[in-house]
Amino acid sequence: MKPIELSFEFFPPKTPDGVEKLRATRAQLLTLKPRFVSVTFGAGGSTQQGTLDTIVDIAKEGVDAAPHLSCIGSTKESLREILRQYRSHGIRHIVALRGDLPSGMGEMGELRYASELVAFIREETGDAFHIEVAAYPEYHPQARSPRHDLEAFAKKVKAGANSAITQYFFNADAYFRFLEDARKLGVDVPIVPGIMPITNYTQLMRFSEMCGAEVPRWVAKRLESFGDDRESIRAFGLDVVTDLCRRLIENGAPGLHFYTLNAAGATKAICERLDL
Ligand code: FAD
């Protein structure tokens, strides 16, 4: 069996304490030898400096560090400058997204979709970057239709993406069906499942509402019933997500990308249970 490739996603910390906490998180997670780690980017450039600083910090540790870059609310000139900065720091891997502007804030920008950003990165920098894009096994909340969303995904890949990371999901069938449908459209790049460890019921429900990920009723009901009992939430969440990952791996997922939320505990526990 091919070894499972791991990757970990972080967000740029806002305080010196947060920077230290993230370093400690990385120290624990890097022992799992991820293929790369990534750092999110606030749409419209709100975390531009924080993303760059965090990426440079990680790259110094000898790890393949991939900044996320979103195009919404940005000019081509500002995107060009960000790409230039990354190249000057030796960064060769990027996660290209459209992003979401907070409601009522700002202009759309010069590029409307992630496919246009991927094409722009290729035009500007050739093969300098390995480009990841986002995929949605349960479909993007603004998609006109599932078919349309799949075609939009295929378009990003044809524009020059090398691989994809999915939005998180708890239903493995959604992922395998998406994979099959994408292959029928000629998409042959790796599509790595995004994994959200469960540690906090309220936060999970809020995120899922925003991004359109479905939390199965039986999972939500059980989590809700634990109330403030964080230990039970954690233990149940660990069982559910480990089972999901096991099923994904056994059925051929090429890797796992963890949304760590800058904490090592749950991600590490899942990987250890899976013997990764
Ligand atoms: P797109 O692929 O452009 O799709 C957006 C919508 O437009 C979809 O509904 C699609 O169906 C539709 N669409 C696409 N092309 C066309 C077209 N030609 N015509 C009509 N409709 C079209 N957000 C951040 O702000 N910062 C981050 O760091 C970040 N990291 C993420 C990492 C991952 C792995 C994932 C899965 C998401 C991340 N997001 C991030 C969230 C992401 O920005 C949002 O989900 C956003 O709403 C869509 O981004 P996209 O790149 O998938 O957009």
May I ask you to decide if Arg247's main-chain N or O and Asn251's side chain share a donor-acceptor pair within less than 3.5 Å?
yes
For the residue pair Thr75 / Glu110, report whether a side-chain donor-acceptor contact shorter than 3.5 Å exists.
no
Within residues 6-34 or reaching into it, pairs that qualify as ring-ring contact (aromatic ring centres under 6.0 Å, His included) - sequence neighbours excluded:
none
Can you confirm if the aromatic rings of Phe169 and Tyr175 lie within a centre distance of less than 6.0 Å?
yes
Whether Arg183 side chain and Val187 backbone form a donor-acceptor pair below 3.5 Å:
yes
For the side chain to side chain contact (heavy atoms under 4.5 Å, CB included) test, which of Leu69, Ile121, Val95, Val118 pairs with Phe129?
Ile121
Hey, is the main chain of Glu214 close enough, under 3.5 Å, to the side chain of Glu138 for a donor-acceptor pair?
yes
Test: Glu77 and Arg80 ion pair at under 4.0 Å
yes
Phe236 six-ring centre to Arg222 NZ/CZ under 6.0 Å and within 45° of normal:
yes
Does a side chain donor of either His68 or Thr40 reach within less than 3.5 Å of an acceptor in the other side chain?
no
Using 4.0 Å as the upper bound for N to carboxylate O, is an ion pair formed by Lys184 and Glu180?
yes
Please state whether the rings of Tyr168 and Tyr259 are parallel, tilted or perpendicular, taking 30° and 60° as the class boundaries.
perpendicular
Below 4.0 angstrom, N of the basic side chain to O of the carboxylate: do Glu20 and Arg23 qualify?
yes
In short, salt bridge (Lys or Arg N to Asp or Glu O under 4.0 Å) pairs touching residues 226-240 with sequence neighbours left out are Asp239-Arg273
Check: Gly99 main-chain N/O paired with Ser70 side-chain donor or acceptor under 3.5 Å
no
State, without any angle test, whether His93 and Asp64 hold a side-chain donor-acceptor pair at a distance under 3.5 Å.
yes
Determine, for Asp57 against Arg26, whether the closest basic-nitrogen to carboxylate-oxygen distance falls under 4.0 angstrom.
yes
